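The structure appears right after this line, and notes come after that.
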Amino acid sequence: LSAKRRKQYREDLKDKFKKQFNDKINDVVKRLFKIQDLSVIKKLPCHDLVYEAKMLYVEGYFYATIAMCGVVGENIARMILNDSEITVNRSKIIKGKTIFGRLDFVAINKILINAISIQQDSYKKLEKIRKLRNKYVHGNKFFNPTTVKKDAGILLNLIVTILRLEFKP
């Protein structure tokens, strides 16, 4: 393309994207207010991932939000485990970070709840995140878009609640 046509093409793209964004601005703002405030978790290591999940949700990418919440949920479980000291046979203390690095989400959650390294409510929320994530990511069918949207919002708020409960930022 010539410089003149390239400039016109850019302007046409800008107009197209402005129209697309303006068409969905009300929905974007509504979704933004359905998610808990992230400023309370700003200093936590996973804040950037939670923010990314929030932006996916706000933009309307609900399957991607669900997948990202699964990633964040597993990272939260690993963060809690890595900071835990687990007593074995009433005497030996093992740092969670040293031996449990390669376990999957299910195993980590079970260790956390059995070693009382996590609150019961947080455990239930992590399990809900894991199960919903699996339902959508490993599912063999498509779901009603309204249900996907609702579940994405639920998962995102569960993440923020767990971070508040476990890390008390």
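All figures in this text were calculated on a predicted structure; none of them were measured in a lab.
Residues Cys69 and Arg133 form no side-chain contact, since every pair of their non-hydrogen atoms from C-beta on lies 4.5 Å or further apart. The closest side-chain heavy-atom distance from Ile154 to Lys128 is below 4.5 Å. You'll find the side chain of Lys42 stays beyond 4.5 Å of the side chain of Tyr51, heavy atoms only.
Within the structure, the salt bridge (Lys or Arg N to Asp or Glu O under 4.0 Å) test picks out the following pairs touching residues 16-26 (sequence neighbours left out): Lys19-Asp23, Lys24-Glu59. Counting only residues at least two apart or on different chains, the ring pair (Phe, Tyr, Trp, His ring centres under 6.0 Å) pairs with a member in residues 56-80 are Tyr57-Phe62, Tyr63-Tyr136. The salt bridge (Lys or Arg N to Asp or Glu O under 4.0 Å) pairs that include a residue from residues 137-149 number zero, where partners must be two or more places apart or lie in different chains.
Nearest heavy atoms, Leu132 versus Ile66: O-CG2, 4.1 Å. Of all non-hydrogen atoms in Ser122 and Ile162, the two that sit nearest each other are O-CD1, 4.1 Å. Here the closest non-hydrogen pair linking Leu32 and Lys54 is CD1-CE, 3.5 Å. Contact detail for Ile41 and His47: the closest heavy-atom pair is O-CB, 3.6 Å. The minimum heavy-atom distance linking Ile159 with Gly73 is given by the pair CD1-N, 3.7 Å. Across every non-hydrogen atom of Leu56 and Met68, the tightest pair is CD1-CB, 4.1 Å.
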Subject >> Test side-chain contact (heavy atoms from CB on, under 4.5 Å) applied to Phe167 and Ile76, step by step >> reply: CA-CA 10 Å; Phe167 296 96; Ile76 291 169; 4.2 Å; yes
Subject >> Derivation and outcome, salt bridge (Lys or Arg N to Asp or Glu O under 4.0 Å), residues Glu127 and Lys124 >> reply: CA-CA 5 Å; Glu127 278 298 293; Lys124 288 178 181 176; over 6 Å; no
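Taking CZ from Arg31 and CG from Leu156, the interatomic distance works out to 12.0 Å, rounded to the nearest 0.5 Å. Note that CG of Asn134 is 12.0 Å distant from CD1 of Ile129, once rounded to the nearest 0.5 Å. Taking CG from Leu44 and CG from Asn75, the interatomic distance works out to 12.5 Å, rounded to the nearest 0.5 Å. For the atom pair Lys135 NZ and Thr147 OG1, the distance stands at 7.0 Å (nearest 0.5 Å).
Residue Val71 is not grouped with residue Val137 when hydrophobic side chains (ILVMFWY) are merged at heavy-atom distances under 4.5 angstrom, including chains of intermediate members.
A distance-only check finds no donor-acceptor pair linking the side chain of Gln119 to the backbone of Glu166 [under 3.5 Å]. Counting only distance, with no hydrogens or angles, the side chain of Gln36 and the backbone of Asn157 share a donor-acceptor pair below 3.5 Å.
Sparse packing is recorded around NZ of Lys150, with 12 or fewer heavy atoms of other residues, nucleotides or ligands lying under 6.0 Å away.
A salt bridge does not link Glu11 to Lys7: none of the charged nitrogens lies less than 4.0 Å from a carboxylate oxygen.
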